[in-house]
Protein chains: 2
Amino acid sequence: MIQSSESSESLTIADIARLAQVSVSTVSRILNGKPDVAEVTRQRVLKVIHDTGYSPDVSAQRLASGATVAKSRVITLLFPMDHAEFTQLELDFFIGAAASCSKHDTFFNLMTEPMDADHLLNLFRSGQTDGVILMQIRMDDWRPELLTRHDYPFVMIGRTSDNQHYRYIDLDFDAAVETAIGYLVEQGHRRIGFIARPASARAQQIGPSVRIMSGYQRALERYRLAPLYREVKLTVPDVYEATLELLDEAPELTAIFTVHGASSPGAIRALRDRDRLVPDDCSVVALATERIAQLVTPALTAINFPTDTMGYQAATMLINALQQPSAPVEQILLQPRLAVRESASTPVGAT
Amino acid sequence: MIQSSESSESLTIADIARLAQVSVSTVSRILNGKPDVAEVTRQRVLKVIHDTGYSPDVSAQRLASGATVAKSRVITLLFPMDHAEFTQLELDFFIGAAASCSKHDTFFNLMTEPMDADHLLNLFRSGQTDGVILMQIRMDDWRPELLTRHDYPFVMIGRTSDNQHYRYIDLDFDAAVETAIGYLVEQGHRRIGFIARPASARAQQIGPSVRIMSGYQRALERYRLAPLYREVKLTVPDVYEATLELLDEAPELTAIFTVHGASSPGAIRALRDRDRLVPDDCSVVALATERIAQLVTPALTAINFPTDTMGYQAATMLINALQQPSAPVEQILLQPRLAVRESASTPVGAT
DNA sequence: TTGTGTTCCGGTAGCGTTACCGGTAACGCT
DNA sequence: AGCGTTACCGGTAACGCTACCGGAACACAA
């Protein structure tokens with residue numbers, strides 16, 4: 001690129017046309033990869049474009065092309081940060097989604113403000129975004145229905161209770177809980193403490209919160225275990241307290257399953273303060289990203305929560321849907337996968 | 001808002017004008033908060049806007065208003081993810097920046113693809129962004145100069161070696177290292193292992209890598225310590241290895257300072273495998289975000305790396321700069337602050 | 001009366017692009 | 001020669017909005 005470093009003033013398609021001795025139409029055709037243009041002309045124009053460092057104005061493009069066929073797309077990830085205590089977990093979703101967008105030549109937008117229906121619709125109506133990724137999905141979430149009615153593209157990370165027609169990617173939380181507890185039972189544990197997400201979240205019908213508890217119910221029945229759990233805010237101090245409570249309620253417990261890796265140090269510290277070493281005197285299994293699982297000492301035996309992959313796939317699904325709106329609705333429900341690390345073992349005195 | 005739920009077809013300013021019995025100009029004036037419009041008219045039009053759920057097309061706005069005075073701004077955070085091993089650290093920058101944008105009614109964009117000069121300029125030329133936040137700044141970074149020459153607004157998280165005229169926010173890494181080592185010396189440690197960022201990063205003149213080593217040099221001189229360090233990739237296994245090497249080289253060491261909280265479990269595990277408990281037999285001090293410091297067991301005594309705040313402030317600086325381009329150039333160099341937690345103590349046998 | 005503001009509002013020319021229509025030249029075929 | 005057909009290209013009306021100009025209506029003073 002020849003730096004005509006003073007020419008900072010913005011070029012238009014007309015300038016290029018003039019310099020290349022062709023019409024604007026021709027330049028536009030070339031820009032959009034239309035046929036109907038001689039190879040020699042194309043080359044000449046492309047050279048001018050390259051030499052001048054011209055780059056078409058996206059606003060004008062979007063306006064002229066009816067904002068639907070635009071070349072450069074933008075998708076928005078909606079992550080309401082209202083209920084404060086969010087964690088690294090979410091962050092990895094962002095990274096994954098951003099990576100997919102970069103790869104697919106799409107702008108990636110992140111909005112953290114909670115949104116009402118008007119705001120959400122305005123996002124589309126004003127042409128600010130071509131599609132959204134919804135997070136924090138509730139069982140009875142109103143957003144998918146609204147967006148569908150207006151024919152605005154979206155995908156969910158999570159799913160509603162009735163999700164026949166929506167694109168989504170989600171982890172099978174019911175199964176995850178069953179798998180984790182099943183693993184502990186298999187190791188010989190019979191008295192297992194369970195630390196779940198706050199009851200308030202469940203009351204609000206947040207998908208994972210609801211499904212985690214239903215999975216727990218199923219696990220209890222299947223393995224004929226007595227319930228022993230706490231629903232708490234997933235912070236280190238809260239989990240610490242909850243663990244102490246569980247130990248008081250059932251001093252004989254030999255294992256703990258917590259649904260949140262990043263607050264599991266709370267459990268581990270509580271156990272340590274009660275003179276129980278992990279994993280020798282008490283096993284700990286979590287639901288956690290690999291990153292977090294590695295970070296905790298001892299490294300967590302955990303159901304893998306592949307957040308970055310999920311973010312990547314969600315964005316990819318959305319981008320595909322934008323390109324071929326008629327494409328079939330993809331739905332991905334990830335099955336849980338347990339990674340054995342250091343924090344769990346067979347209970348003392350087991351066969 | 002009255003849901004005329006079928007009217008999904010996009011409204012224009014002309015529709016509003018017609019419905020409100022005024023001219024397009026008047027609607028535009030109201031939309032942009034210009035004076036020169038009677039209160040009663042304003043109310044009437046606003047009611048129509050509200051009832052119909054109209055929302056102006058940003059593309060058209062940007063196009064018409066010369067893309068400079070646009071109402072809704074968009075800023076882009078450039079974080080090249082090329083050199084793979086990035087960590088939670090960066091993520092918190094994103095969150096902070098996104099939060100600031102949400103608060104300031106600005107679109108927050110995240111791009112993870114590395115960029116050459118052309119791409120960077122096109123971002124502005126095509127009207128896709130109004131300003132950028134640069135990360136991964138090198139001592140001799142070419143980007144600030146380029147953007148300045150073209151008069152495109154930006155701020156850096158980090159700083160170059162010569163940064164007189166650029167907006168930036170950065171942590172004083174030299175001072176951070178001196179502070180950490182000073183603290184350990186104060187506690188009575190004399191033989192201190194140091195784990196720094198990879199030599200390759202320093203060779204590439206990445207700011208923090210360079211400054212961290214210069215800070216280390218200064219600390220050695222000031223406290224008359226013998227050098228004892230490793231420059232390694234900041235992953236748990238690499239840090240583990242590095243720690244073992246340090247222990248081999250200087251079995252008498254009583255403390256380790258590592259510049260990266262998220263890989264510090266590597267050090268802690270290496271010490272444990274050599275039968276040294278933290279902090280009793282060996283102290284560990286790190287440079288880490290609060291979040292990470294809390295996550296590691298034992299909780300890390302660490303120089304605080306306030307990444308989310310830095311991201312927030314960077315975005316805020318940029319937004320301000322967009323609003324008042326003439327405003328003085330802000331430069332923020334954060335001084336290190338040590339937070340004492342559990343991972344460091346006085347060495348055995350100290351006075 | 002005329003002049004001088006003020007306050008409010010409408011008309012319209014762009015902004016940079018694309019979509020569409022139509023035109024010209026060259027070529028091939030009957 | 002005459003008539004399609006194809007390959008290429010130019011002209012221009014949108015797209016939805018803002019900026020600017022100018023005009024109507026009214027008030028008030030000289």
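Below, chains carry the letters A, B, ... as their sequence lines are ordered, and counting in each starts from 1. The structure presented is a predicted model; accordingly, all values stated were derived computationally and were not measured.
Judged purely by distance below 3.5 Å, without hydrogens or angles, the side chains of Arg167(A) and Gln331(A) never pair a donor atom with an acceptor atom. Between Ser25(B) and Ser28(B), the side chains place no donor N or O within less than 3.5 Å of an acceptor N or O (distance only, hydrogens not considered). A donor-acceptor pair shorter than 3.5 Å cannot be found between the side chains of Gln324(B) and Ser326(B). Side-chain N/O atoms of His119(B) and Asn122(B) include no donor and acceptor closer than 3.5 Å. Between the side chains of Ser59(A) and Ser59(B), no donor-acceptor pair is found at a separation under 3.5 Å.
We find that CG of Asn32(B) is positioned 13 Å from C1' of dG16(D), with the value rounded to whole Å. The separation between Leu31(B) atom CG and dT18(D) atom C1' is 10 Å, rounded to whole Å. To the nearest angstrom, P of dA19(C) lies 14 Å from CZ of Arg62(A). Following rounding to the nearest Å, Gln43(A) (CD) and dC8(D) (P) show an atom-to-atom distance of 13 Å. In this entry the distance linking CD1 of Ile30(B) with P of dT7(C) reads 17 Å, nearest Å. For Ile13(B) and dT12(C), the CD1 to C1' distance is 14 Å, given to the nearest whole Å.
Taking side-chain N and O atoms only, Gln61(B) has a distance below 4.0 Å to OP1 or OP2 of dT18(D). The shortest distance between the side-chain N/O atoms of Tyr54(A) and the OP1/OP2 oxygens of dT17(C) is below 4.0 Å. Applying the 4.0 Å criterion to OP1 and OP2 of dA19(D), one finds that Lys34(B) has a side-chain N or O inside that range.
You'll find the ring centres of Phe154(B) and Tyr166(B) inside the 6.0 Å limit.
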Would you write out the dot-bracket form of DNA chain C, 5' to 3', with Watson-Crick and G-U pairs under 3.5 Å, [ ] for crossing pairs, | for pairs to other strands and . for unpaired bases? ||||||||||||||||||||||||||||||
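The pair Asp130(A)-Arg73(A) fails the salt-bridge criterion, with no side-chain N (NZ, NE, NH1 or NH2) lying under 4.0 Å from an Asp/Glu carboxylate O.
Between Phe94(B) and Phe79(B), the ring-plane angle classifies as perpendicular under the 30° and 60° cut-offs.
In terms of the ring pair (Phe, Tyr, Trp, His ring centres under 6.0 Å) criterion, Phe108(A) has no residue partners (sequence neighbours excluded).
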Protein-proximity profile, nucleotides 9-15 of chain D, B/S/- by nucleotide at the 4.0 Å heavy-atom cutoff, equals BBBB--B
